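For reference, positions follow the sequence shown, starting with 1. All figures in this text were calculated on a predicted structure; none of them were measured in a lab. Note that these values count all heavy atoms, side chains included, but never hydrogens, waters or copies made by symmetry. Start at 1 and go down the list; that is how both ligands and their atoms are numbered.
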Amino acid sequence: MRVGLAYDLKEDVNLEISSPQDALEEYDSSETVELIETALKSAGHSVVRLGGGAEFLSNILRERVDLVFNIAEGRGNYVSREAQVPSVLEMLDIPYSGSSPQCLAICLDKPLSKKLAIATGVPTPQWCLIDNLEQLSEVSWNGLAFPAIIKPACEGSSKGIRVSSVVSGPAEAAETISQLLKCYRQPMMVEEFIPGDEVTVGIIGNAPPTVLGMMRILPRNRADCFVYSLEIKRDYLNLVSYECPARLEEEVLARIATASLKAFTALGCRDFARLDFRVSPEGIPYFLEINPLPGLGTHSDLVIMALKLGWRYEELIDAVLRAAVKRHAQHVPIR
Ligand SMILES: Nc1ncnc2c1ncn2[C@@H]1O[C@H](COP(=O)(O)OP(=O)(O)OP(=O)(O)O)[C@@H](O)[C@H]1O
Ligand SMILES: [Mg+2]
């Protein structure tokens with residue numbers, strides 16, 4: 001096949017002076033693009049680099065490709081940015097890997113995806129949303145559980161999430177929210193902090209999707225309120241260890257797997273995704289969020305998980321591509 005590769009490199013994205021210092025966190029490096037290209041070539045495909053943004057638009061109109069392998073995060077501070085490339089591909093009727101524009105837009109919106117998770121019976125921590133400084137001044141803190149974690153409503157890659165994001169009471173919460181509202185220019189979530197194990201789950205395939213693996217993320221230094229924060233993700237080799245398969249009770253693992261597949265299906269995900277959970281001391285997995293466009297760099301959780309399970313990197317890329325090809329061949333019309 002002639003496969004197009006859509007991606008957004010950190011160095012290709014223009015920042016505004018007011019952008020937060022982690023604004024480029026979700027974008028890819030040229031090493032990741034090279035790895036995917038090599039993997040696709042080793043499976044016998046030819047690869048056309050399409051890039052992202054306006055460059056992607058001119059390339060996709062010029063090049064003939066059978067399918068686009070999409071890892072483009074999209075441009076701008078828009079909640080639907082991950083939907084940009086798939087939307088253009090649907091307009092041009094070109095097959096692509098991964099989820100639909102609708103799914104990608106919903107899943108970047110954490111409050112919305114949590115509501116859909118609840119509707120399908122998947123537990124998620126309680127939260128409230130604060131849109132602006134005016135709302136912050138009027139909020140009633142009664143009924144909100146502390147400690148809580150403050151998170152931007154529509155981000156990924158731990159943008160806006162630091163060790164200091166866990167707050168012990170209303171005064172600390174108000175201070176943190178007010179700083180983050182100014183910096184990230186979007187609503188902030190105040191979410192009940194769930195102590196206990198952090199587990200991330202990889203899903204692959206369609207009809208039916210299957211659990212690739214469940215990986216526990218363990219802090220190397222004891223922490224009362226461990227957060228897999230930006231500081232930790234940037235220095236993951238020193239600060240965390242990864243346990244895959246996760247050594248948890250069978251019953252807990254079964255609950256996590258069931259919740260993952262339910263959320264994957266309810267949110268309309270396709271081909272692959274990664275979900276994050278915290279498991280309460282009572283063994284209840286709480287859904288934090290789902291990533292229908294999970295990172296595929298060597299430092300990314302899905303890749304670490306697959307390698308720990310004995311997959312080769314090329315096999316992971318091939319599995320995603322094959323899921324997309326099979327789905328298109330079966331002409332699954334919706335989602
Ligand atoms: N309610 C919570 N209780 C406990 N820890 C939490 C909670 N919400 C978030 N965290 C911690 O913060 C981390 C980042 O949160 P989350 O997964 O929502 O952010 P993200 O930026 O979308 O992550 P990703 O890098 O996976 O895209 C989690 O992995 C977890 O360690
Ligand atoms: Mg996460």
Of all the atoms in ligand 1, which lie at a distance below 4.0 Å from a heavy atom belonging to S158?
14 (C), 20 (P), 21 (O), 23 (O), 25 (O)
Donor-acceptor pair, S113 side chain versus K110 backbone, under 3.5 Å?
yes
Atoms of ligand 1 under 4.0 Å from any heavy atom of F193, numbered from 1 in the order shown, are 3 (N), 4 (C), 5 (N)
Does CD in E250 sit with more than 12 non-hydrogen atoms of other residues, nucleotides or ligands closer than 6.0 Å?
no
Between S30 and L9, the two heavy atoms sitting closest are N-CD2, 3.7 Å
Where the side chain of D12 meets the backbone of D8, is there a donor-acceptor pair that is under 3.5 Å apart?
no
Just by modelled atom types, is the T200 backbone N or O under 3.5 Å from a matching donor or acceptor in the D276 side chain?
no
From the options R162, R274, K114, select the one whose nearest heavy atom is closest to atom 26 (O) of ligand 1.
R274
Which protein heavy atom lies closest to atom 30 (C) of ligand 1, and at what distance to 0.1 Å?
E198 OE1, 3.1 Å
Lys/Arg N to Asp/Glu carboxylate O, R81 vs E155, below 4.0 Å
yes
Mark up the atoms of ligand 1 that fall under 4.0 Å of a heavy atom belonging to D276, in ascending order.
17 (O), 26 (O)
When you compare the side chain of S19 with that of E16, does any pair of heavy atoms fall below 4.5 Å?
yes
May I ask you to identify the nearest protein heavy atom to atom 13 (C) of ligand 1, giving residue, atom name and distance to one decimal place in Å?
Y228 O, 3.5 Å
Quick test: of every protein heavy atom, which one is nearest to atom 3 (N) of ligand 1, and how far off is it to 0.1 Å?
I194 N, 2.9 Å
Distance from atom 23 (O) of ligand 1 to nearest protein heavy atom, with residue and atom:
E289 OE2, 3.2 Å
Closest non-hydrogen atom pair, R270 against Y96
NH2-OH, 3.1 Å
Which part of T200 is near ligand 1, with near meaning a heavy atom under 4.0 Å away: side chain, backbone, both or neither?
neither
Which residue owns the protein heavy atom closest to atom 27 (O) of ligand 1, what's the atom, and how far is it?
S157 N, 2.9 Å
Under 3.5 Å, side chain of Y313 to main-chain N/O of L296, donor-acceptor pair present?
yes
Which bit of P125 is near ligand 1, meaning a heavy atom under 4.0 Å away: side chain, backbone, both or neither?
side chain
Identity of the N, O or S atom of E289 lying closest to the Mg ion (ligand 2)
OE2
Below 4.0 Å from any atom of ligand 1, is there a heavy atom belonging to E26?
no
Out of K151, E25, K110, E155, whose heavy atom is nearest to atom 19 (O) of ligand 1?
K110
E191 heavy atoms within 4.0 Å reach ligand 1 at atoms 1 (N), 2 (C), 7 (C), 8 (N)
So does R75 get a backbone contact from the side chain of Q84, meaning a donor-acceptor N/O pair under 3.5 Å?
yes
Among non-hydrogen protein atoms, atom 10 (N) of ligand 1 lies closest to I149 CD1, 3.6 Å
At less than 4.0 angstrom from any non-hydrogen atom of V227, what atoms of ligand 1 do you find?
11 (C), 12 (O), 31 (O)
What is the name of the N/O/S atom of D276 that is nearest to the Mg ion (ligand 2)?
OD2
Relative to each other, are the rings of F277 and F287 parallel, tilted or perpendicular (30° and 60° limits)?
perpendicular
Stepwise, does the side-chain contact (heavy atoms from CB on, under 4.5 Å) test hold for M188 with Q179?
CA-CA 10 Å; M188 289 295 144; Q179 280 174 17; over 6 Å; no
Ligand 1 to K233, heavy atom cutoff 4.0 Å, flagged ligand atoms 23 (O), 24 (P), 25 (O), 26 (O)
Atoms of ligand 1 under 4.0 Å from any heavy atom of I161, numbered from 1 in the order shown, are 12 (O), 14 (C), 15 (O), 19 (O)
